[in-house]
> 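This structure is in structure tokens; I'll ask about it shortly.
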Amino acid sequence: MENNRPNWSSRAAFIIAAVGSAVGLGNIWRFPYIMGQYGGAVFLLVYLILILTICFIPLMAELATGKTLKKDCVSAYESVNKKFKFFGVLNPLTGILIASFYFIVGGWIINYIYVSALNLKIENYSEYFGLFTQSSVPACIYTLVFLFICVFFAGRGVKKGIEFANNVLMPMFAVLLIGLISFSLNLPNAHLGLEYMFKPDFSKISSEMFLAALGQALFTLSIGMGALLTYGSYIKDDKNITKSAYTIIFSDTLFALMAGIMIFPAIFSFGLEPNSGAGLVFVTLPYIFSQIPHGNIVSFAFFLLLLAAAITSGISIIEVPIASMVERLKISRTKACTILFCVISIIAIPATLSFGVLSDVTVLKKSIFDFLDFITANLLMPLNAFILCIIAGWFLKIKGNMFLQNKIAAFLFDIGLKYIVPIILFSLMYIGLK
Ligand code: PHE
């Protein structure tokens, strides 16, 4: 059975795919919008502290669990103890729910590529964004196109495409971002954006803010839904995974900070509201592009590269349910992809319509889209990460000295995995949801 599982061609291929999973819409779209909703710099501070301290532990634990057990999530958890099967199933389920809103945003990107290619003149970007997201049929079609692209690539296997996207396209994306940052920083009142991002206003601290920062940290690093476990399970050699974890954390944080420094000065310069929600980036960026000579070409390139980043993350999201279906139900990848396409569409279509005809439908006072975003990042991912730490630390007995040379670091890792991180995850969920 093991021989039929996919494998990375090299360690580099694995790192590239894992970074590709991490860097995506979470950095460019979700990070600025959540930070804008939770008060800017204080949020950033808590987010960075979480990323630089505790996130390393569940990240490593997920990779190590995958690498050790070499199974899909459900089989992996079940092999530790039959009773854990349900916890394993939570991972692909979370993946399906994430895909159902993430792919909508992927669809928005495709629309913006189209708009820039045609060089359409738009007078008011917030109005345009509102009208586009409210349009029932076109918005749904874009969601389905993005879903189809991801399912198509995932169906062809894990290696093809991802390496090119990450090796060639991501460095290009970083260069373009640097160019846009320098433009943003030269806008009038840009300093207000930097202050908003880097000068903490401690009166904005709240328990939900801590949970939102945790949710964003897990979401952006792809921790807590089995993506890293599944990717880790395709590592065939005994190579050390520590360097991969550092690379993921470093590149992901770099992209998020670059996105923030590009967006916030522009928001303040154009007099927009940082807390305007999920549309934030899609309203601000077109404003920036409209000010740049040949802005439509820059816009086209930007959204195309963002699409590549979104696809590599999107593939990793659906790889979790695909791997579980292929291995558990013993069906072909193509069949698994087809089933998944249908299942995700069933949830993604109402979520897309929640900006328009279904805007009155609310769950816990949130639109379907906001609810899916909230429940996955702030509840299911911390919960899955918590369960993973307990299983990896207490039952599978993953130990720091398996991958950390330094004895003190290995010791800290062990305590972190068994006690500190589960307690922090649990406490943040408890106070944030209370
Ligand atoms: N980390 C990805 C991003 O930032 C999203 C993602 C979440 C991917 C969960 C895989 C698993 O866009």
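Note that ligands are numbered from 1 as they come in the structure, with each ligand's atoms numbered from 1 the same way. Quick caveat, the model's predicted, so the values are computed rather than measured.
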> Does Lys418, at its NZ atom, have more than 12 non-hydrogen atoms belonging to other residues, nucleotides or ligands within less than 6.0 Å?
yes

> Write 'none' if nothing qualifies; otherwise put on separate lines each N/O atom of ligand 1 with a protein N/O atom under 3.5 Å away and their distance to 0.1 Å.
residue, atom, partner, partner atom, Å
ligand 1, 1 (N), Ser21, O, 3.2
ligand 1, 1 (N), Ala22, O, 3.1
ligand 1, 1 (N), Phe219, O, 2.8
ligand 1, 1 (N), Thr220, O, 3.1
ligand 1, 1 (N), Ser222, OG, 3.0
ligand 1, 4 (O), Ala22, O, 2.8
ligand 1, 4 (O), Gly26, N, 3.3
ligand 1, 4 (O), Asn27, OD1, 3.4
ligand 1, 12 (O), Leu25, N, 3.1
ligand 1, 12 (O), Gly26, N, 2.8
ligand 1, 12 (O), Tyr102, OH, 2.5

> Let me see the working for Thr143 and Ile349 under side-chain contact (heavy atoms from CB on, under 4.5 Å), right down to the final yes or no.
CA-CA 8 Å; Thr143 302; Ile349 288 177; over 6 Å; no

> Does Phe84 CZ have over 12 foreign heavy atoms under 6.0 Å away?
yes

> Grab the two heavy atoms, one from Thr312 and one from Gly20, that are nearest each other, plus how far apart they are.
OG1-O, 3.1 Å

> Are the aromatic ring centres of Tyr234 and Phe14 under 6.0 angstrom apart?
no

> Please confirm whether Phe31 and Phe255 have ring centers closer than 6.0 angstrom.
no

